[in-house]
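Report on the structure given below.
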Amino acid sequence: MKKDNRYKKAIIIFFVIIALTIWWRVPLFYGDWNKQTIYVGIIDTWNGNSNDSRAHAMWIDDDCGEGIHKVNHISNEIGIKPVYAIIPEKTTTHLVDSLIHWQNHGAGIVLHGLRHERWDDWDERRITKDIEQSYEKLHELGFDTTKILKIIVPPHACNTQAIRKGIRERGFQMVTGASLVNPDRNVFQLGRIGITPDIDTTKMRVLLEKAYQRNNFVIFGTHSSLPGAFSEEKTIKVLKMAKEIGFDFDFNH
């Protein structure tokens with residue numbers, strides 16, 4: 001019985017140490033824990049200290065509906081190029097024209113599923129086919145597919161072994177549903193911090209200053225096409241804050 005108790009205590013101590021290590025090494029938005037946050041945080045912890053010489057940041061806007069014009073307005077105001085996660089078969093002609101124009105002027109493009117279908121019950125073959133068809137469709141629409149960033153945002157934040165394998169074997173990184181920042185730009189599974197209307201910008205500054213000191217990689221996420229989930233005011237405030245702190249938003253180097 002005493003031996004069993006010792007094992008239980010050892011296991012509890014082990015997980016406490018892991019949790020504290022994640023909390024200390026990987027800044028996350030306080031109170032926003034989920035299964036992917038814990039999973040990706042543990043994996044990233046093993047990555048060790050940052051290999052980047054300075055802190056970097058990226059801003060990804062999902063889905064690319066009518067809200068992208070607000071994103072472009074914010075981009076022009078604060079001087080940060082956004083990255084658009086495009087759903088090729090749900091993007092209208094007039095939006096495509098704008099997105100192609102912005103890509104030609106430095107905006108980033110990443111894949112977000114051909115039709116934004118859930119991948120969580122798909123096998124690797126079907127996921128790979130969806131990725132290939134997304135490329136083909138974007139090429140047909142007129143995008144420069146040679147400049148598409150090597151990052152995939154799986155639809156609906158799905159994260160399974162088949163998804164990870166399909167994305168990794170194609171040489172991409174994946175943005176997960178984990179609400180944390182990344183040790184550097186080299187880890188495979190990337191966490192992301194959402195900018196929402198109710199985000200606490202005071203806590204955000206604490207997180208960003210901690211991440212900046214450690215040369216971490218922060219990905220900001222917005223959903224400009226979901227009115228209830230997007231705040232132009234908060235987005236401007238957070239991105240300006242990150243820029244003023246000193247994060248490098250240039251994703252081309």
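Computed from a prediction, not measured in an experiment: that's the story for all the values here.
Here Glu89 pairs with Arg115 in a salt bridge; the nearest charged N to carboxylate O distance falls below 4.0 Å. A salt bridge is absent between Asp123 and Lys129; no separation between the charged side-chain nitrogens and carboxylate oxygens falls under 4.0 Å.
Contact check for Ile68 versus Asn72: no side-chain heavy atoms found under the 4.5 Å cut-off. Two residues are said to be in side-chain contact when any heavy atoms from C-beta on lie closer than 4.5 Å; Glu124 and Glu169 meet this criterion. Using a 4.5 Å heavy-atom threshold, the side chains of Asp63 and Lys90 count as separate. Looking only at side-chain heavy atoms (C-beta outward), Lys240 and Ile80 stay at 4.5 Å or farther from each other. You'll find the side chain of Val238 stays beyond 4.5 Å of the side chain of Trp59, heavy atoms only. Put simply, the side chain of Ser50 does not reach to within 4.5 Å of the side chain of Pro183, judged on heavy atoms. Contact check for Arg192 versus Met58: no side-chain heavy atoms found under the 4.5 Å cut-off. Asn216 is not listed as a side-chain neighbour of Asp184, based on a closest heavy-atom distance of 4.5 Å or more.
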Task: Criterion side-chain hydrogen bond (donor to acceptor under 3.5 Å, both in side chains) on Asn159 and Thr176, from CA distance to verdict - done: CA-CA 7 Å; Asn159 187 351; Thr176 70; 5.1 Å; no
- [ ] Before giving the answer on side chain to side chain contact (heavy atoms under 4.5 Å, CB included), spell out for Phe249 and Phe220 the whole-Å C-alpha distance, their side-chain angles and the decisive distance to 0.1 Å.
- [x] CA-CA 11 Å; Phe249 277 86; Phe220 297 105; 3.9 Å; yes
Task: CA sep, side-chain torsions, deciding dist, call: Gln189, Val175, side chain to side chain contact (heavy atoms under 4.5 Å, CB included) - done: CA-CA 6 Å; Gln189 296 193 75; Val175 173; over 6 Å; no
TODO: List the steps and the verdict of side-chain hydrogen bond (donor to acceptor under 3.5 Å, both in side chains) for Asp120 and His156.
DONE: CA-CA 9 Å; Asp120 49 5; His156 305 283; over 6 Å; no
TODO: For salt bridge (Lys or Arg N to Asp or Glu O under 4.0 Å), just list the numbers for Glu233 and Lys237, CA-CA rounded to whole Å, side-chain angles, deciding distance to a tenth of an Å, and then say yes or no.
DONE: CA-CA 6 Å; Glu233 177 187 357; Lys237 189 169 184 177; over 6 Å; no
Open item on the list: One pair to check against side-chain hydrogen bond (donor to acceptor under 3.5 Å, both in side chains): Asp61 and Ser224. What are the steps and the verdict?
Closed with: CA-CA 7 Å; Asp61 186 66; Ser224 65; 2.7 Å; yes
TODO: Verify salt bridge (Lys or Arg N to Asp or Glu O under 4.0 Å) between Arg125 and Asp130, making sure each step is shown before the conclusion.
DONE: CA-CA 9 Å; Arg125 182 195 60 79; Asp130 192 281; over 6 Å; no
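Only one option out of Val110, Ile219, Leu111 pairs with Val153 in a side-chain contact (heavy atoms from CB on, under 4.5 Å); it is Val110.
Note: Thr92 OG1 to Asp97 CG = 8.5 Å, rounded to the nearest 0.5 Å.
Pro82 approaches Ser75 most closely through the heavy-atom pair CD-OG, 3.3 Å. Across Trp119 and Gly113, no two heavy atoms sit closer than the pair CZ2-CA, 4.0 Å. Heavy atoms only, all atoms of each residue included: His223 and Phe230 are closest at O-CB, 3.4 Å. Contact between Gln36 and Gly177 at its shortest, heavy atoms only, is OE1-N, 2.9 Å. Taking each heavy atom of Lys243 and Ile78 in turn, the nearest pair found is NZ-O, 2.6 Å. When all heavy atoms are compared, the tightest approach of Cys64 to Ile86 is SG-CG1, 3.7 Å.
Hydrophobic clustering of Ile, Leu, Val, Met, Phe, Trp and Tyr side chains at less than 4.5 Å, counting indirect connections, unites Leu190 with Ile60. Val96 and Leu114 fall into different hydrophobic clusters, where Ile, Leu, Val, Met, Phe, Trp and Tyr are joined by side-chain heavy atoms under 4.5 Å apart, directly or via other members. The hydrophobic cluster containing Met174 does not contain Ile87, counting ILVMFWY residues as joined when their side-chain heavy atoms lie under 4.5 angstrom apart, directly or transitively.
At least one donor-acceptor pair closer than 3.5 Å links the side chain of Asn182 to the backbone N or O of Phe217. The backbone N or O of Val187 sits less than 3.5 Å from a side-chain atom of Gln173, completing a donor-acceptor pair. Although no hydrogens or angles enter the test, the distance criterion places a donor-acceptor pair under 3.5 Å between the side chain of Asp52 and the main chain of Arg185.
Using cut-offs of 30° and 60° on the angle between ring planes, the pair Trp102 and Tyr84 is parallel. Under the 30°/60° scheme for interplanar angles, the aromatic rings of His94 and His69 are found to lie parallel.
Cation-pi check for Arg164 over Phe188 is not met; the charged atom does not lie both under 6.0 angstrom from the ring centroid and within 45 degrees of its normal.
Heavy-atom contacts from other residues, nucleotides or ligands closer than 6.0 Å to NZ of Lys150 number more than 12. Heavy atoms from other residues, nucleotides or ligands lying under 6.0 Å from NZ of Lys70 number 12 at most.
Ring centers of His101 and His105: under 6.0 Å apart, within the cut-off.
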